Visitor: 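This is the structure, below, for whatever I ask next.
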Amino acid sequence: MSYEFITVSIDETVGLITLNRPKILNALNLQLVDELVAELERMDRDPAIRVILITGNEQAFAAGADINEMAEASAIEIMKRNQFAVWDRMSLISKPIIGAVSGFVLGGGCELMMNCDIVIASETAQIGQPEIKLGVMPGAGGTQRLTRAVGLRKAMEMLLTGDPISAREAWQYGLVNRVVPVEAYLQEALKLAKKVAKQPPLAVQVIKKSVHKAEDLPLQEGMDYERSGFYLLLASEDRKEGMQAFLEKRKPRFTGN
Ligand code: DAK
């Protein structure tokens with residue numbers, strides 16, 4: 001597949017997607033989001049890929065939705081675009097998604113980051129939801145995922161002022177996993193991606209889904225969900241291999257079966 005606004009590569013078993021509209025800080029136009037979701041779904045189906053990494057460039061992960069596309073559109077036109085349906089497909093990706101973010105991570109860019117399972121940030125990252133300054137509000141999870149991640153008071157402050165927070169502050173609030181120098185953020189994210197990619201793929205996917213359920217389900221239902229996943233993995237070849245390798249004091253060879 002050839003794309004206009006993203007580039008795609010593979011490093012060992014990590015699929016790398018780079019947002020590529022550098023002149024306007026990777027603003028997310030409709031086509032970019034279509035391309036991104038299509039590629040995420042393709043990588044999710046590709047057995048050669050075990051983990052997906054999404055990044056931008058040092059200056060910007062993404063400075064939000066493309067304001068040029070929104071400025072003149074009526075509410076009905078935006079509703080008819082049904083772009084949320086495309087966006088929502090991101091949450092169905094079963095492989096882990098790692099975000100490597102730097103520079104501006106704003107609006108839809110912050111919402112995209114929050115769709116990632118693990119986030120490595122450069123120390124230059126500025127993360128926020130500035131929609132209020134445009135007279136609107138987040139529409140792709142900014143009030144919901146941000147509140148779950150940082151708590152009600154911090155989310156209120158960020159959403160009502162529109163001011164971004166630094167990478168360091170984002171880390172203190174648990175919004176990103178790690179903050180590293182700008183020269184290192186991509187390599188650090190790749191290193192982490194490769195580490196996860198070495199784990200048994202079925203366990204990785206079942207754990208990912210189970211962790212997400214923790215955000216949606218009451219505790220007992222979440223525990224029941226977890227237990228079903230636990231039994232399911234006991235039936236896998238990789239479970240036999242993992243335990244056998246431990247007993248034989250050797251490295252396991254996971255196949256994803
Ligand atoms: N859209 C379009 N162009 C943008 C842009 C954006 N979001 N952000 C930056 N640019 C462009 C600028 O217009 C400028 O273009 P030229 O003038 O060079 O042609 C170029 O990128 C460089 O920007 P600046 O000259 O402004 O650079 P500065 O360093 O001075 O400022 C900045 C950087 C990031 C602080 C500033 O550009 C800025 O405030 N940008 C807007 C940030 C923002 O408000 N973002 C939130 C947008 S609303 C949805 C999903 C998500 C959303 C909506 C729907 N669906 C699934 C349907 C999300 C909504 C949003 O994100």
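None of the values given here were measured: they were computed from a predicted structure. Each ligand, and each atom within it, is numbered from 1 in the order the structure gives.
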Visitor: Less than 4.0 Å is my threshold; does some heavy atom of M70 fall inside it relative to ligand 1?
Guide: yes
Visitor: Just jot down the ligand 1 atoms closer than 4.0 angstrom to any heavy atom of L106, in number order.
Guide: 34 (C)
Visitor: Is there a path from M158 to V176 through hydrophobic residues (I, L, V, M, F, W, Y) whose side chains come within less than 4.5 Å of each other?
Guide: yes
Visitor: Please check atom 7 (N) of ligand 1 for a protein heavy-atom neighbour under 4.0 Å.
Guide: yes
Visitor: Hey, any chance V8 and I10 share a hydrophobic cluster, counting ILVMFWY side chains that come within less than 4.5 Å of each other, even indirectly?
Guide: yes
Visitor: Below the 3.5 angstrom mark, is there an N/O of G107, backbone or side chain, next to an N/O of ligand 1?
Guide: no
Visitor: Which atoms from ligand 1 have a heavy atom of N68 less than 4.0 Å away?
Guide: 2 (C)
Visitor: Give the atom numbers and elements of ligand 1 that come within less than 4.0 Å of a heavy atom of G108.
Guide: 58 (C), 60 (C), 61 (O)
Visitor: Find out whether V204 and R50 are in side-chain contact, i.e. whether some heavy atom of one side chain is under 4.5 Å from a heavy atom of the other.
Guide: no
Visitor: Taking heavy atoms and a distance under 4.0 Å, where does R81 meet ligand 1: side chain, backbone, both or neither?
Guide: neither
Visitor: Does only the side chain of A63 get under 4.0 Å from ligand 1, or the backbone, or both, or neither? Count heavy atoms.
Guide: both
Visitor: Give me the residue, atom name and distance of the protein heavy atom closest to atom 33 (C) of ligand 1.
Guide: F104 CZ, 3.5 Å
Visitor: Please report whether atom 40 (N) of ligand 1 has a protein non-hydrogen atom at a separation of less than 4.0 Å.
Guide: no
Visitor: When you measure from atom 9 (C) of ligand 1 to each heavy atom in D88, L25, V136, which option holds the nearest one?
Guide: L25
Visitor: Report yes if some heavy atom in the side chain of E157 is under 4.5 Å from a heavy atom in the side chain of R153; otherwise report no.
Guide: no
Visitor: Using protein heavy atoms only, decide if any is under 4.0 Å from atom 45 (N) of ligand 1.
Guide: yes
Visitor: Does the pair I97 and K208 meet the rule for a side-chain contact (heavy atoms from CB on, under 4.5 Å), with working shown?
Guide: CA-CA 10 Å; I97 304 176; K208 166 172 169 161; 4.1 Å; yes
Visitor: Note the single closest protein heavy atom to atom 4 (C) of ligand 1, along with its residue, its atom name and the distance in Å.
Guide: I24 O, 4.0 Å
Visitor: Heavy atoms, side chains only, cut-off 4.5 Å: are Y225 and K209 in contact?
Guide: yes
Visitor: Does E69 reach the main-chain N or O of N29 with its side chain, forming a donor-acceptor pair under 3.5 Å?
Guide: no
Visitor: What protein heavy atom lies closest to atom 56 (C) of ligand 1? Include the residue and the distance to one decimal.
Guide: F84 CD2, 3.3 Å
Visitor: To which protein heavy atom is atom 51 (C) of ligand 1 closest, and what is the distance rounded to 0.1 Å?
Guide: E111 OE1, 3.6 Å
Visitor: Using protein heavy atoms only, decide if any is under 4.0 Å from atom 14 (C) of ligand 1.
Guide: no
Visitor: Considering only protein heavy atoms, which is closest to atom 1 (N) of ligand 1, and at what distance to one decimal place?
Guide: I67 N, 2.9 Å
Visitor: Heavy atoms only, cut-off 4.0 Å: how does I78 contact ligand 1, side chain, backbone, both, or neither?
Guide: neither
Visitor: Which of the numbered atoms in ligand 1 are under 4.0 angstrom from any heavy atom belonging to K23?
Guide: 20 (C), 21 (O)
Visitor: Using a strict cut-off of 4.0 Å, indicate which atoms of ligand 1 neighbour a heavy atom of L134.
Guide: 44 (O), 47 (C), 48 (S)
Visitor: Heavy atoms, side chains only, cut-off 4.5 Å: are T143 and L159 in contact?
Guide: yes
Visitor: Taking side chain to side chain contact (heavy atoms under 4.5 Å, CB included) as the criterion, tell me which of L40, N26, L32 meets it with I6.
Guide: L32
Visitor: Other hydrophobic cluster members with L233, side-chain heavy atoms of Ile/Leu/Val/Met/Phe/Trp/Tyr under 4.5 Å, chained?
Guide: L202, V206, L232
Visitor: Let's go through E111 and W87 carefully: what are the C-alpha distance in whole Å and the side-chain angles of both, what is the deciding distance for side-chain contact (heavy atoms from CB on, under 4.5 Å) to 0.1 Å, and is it a yes or a no?
Guide: CA-CA 10 Å; E111 292 171 316; W87 189 275; 3.9 Å; yes
Visitor: Please could you name the atoms of ligand 1 that D66 approaches to less than 4.0 Å, counting only its heavy atoms?
Guide: 1 (N), 2 (C)
Visitor: Hey, does the side chain of K95 reach the backbone of M43 with a donor-acceptor pair shorter than 3.5 angstrom?
Guide: yes
Visitor: Classify the side-chain pair T7/N20 by whether it contains a donor and acceptor separated by less than 3.5 Å.
Guide: no
Visitor: List every atom of ligand 1 that sits less than 4.0 Å from any heavy atom of A27, numbering the atoms from 1 in the order shown and giving each element.
Guide: 1 (N), 2 (C), 6 (C)
Visitor: Give a yes or no answer on whether the side chain of S102 reaches the backbone of E58 with a donor-acceptor pair at less than 3.5 Å.
Guide: yes
Visitor: Is there a protein heavy atom at a distance of less than 4.0 Å from atom 36 (C) of ligand 1?
Guide: no
Visitor: Any chance you could lay out the side-chain hydrogen bond (donor to acceptor under 3.5 Å, both in side chains) test for N257 and T255, step after step, and finish with the verdict?
Guide: CA-CA 6 Å; N257 294 307; T255 60; 3.2 Å; yes
Visitor: Within a distance of under 4.0 Å, is there any protein heavy atom near atom 28 (P) of ligand 1?
Guide: no
Visitor: Output the list of atoms in ligand 1 that are nearer than 4.0 Å to some heavy atom of A140, sorted by atom number.
Guide: 50 (C), 51 (C)
Visitor: Please work out which of A65, P130, A85 has its closest non-hydrogen atom nearest to atom 61 (O) of ligand 1.
Guide: A65
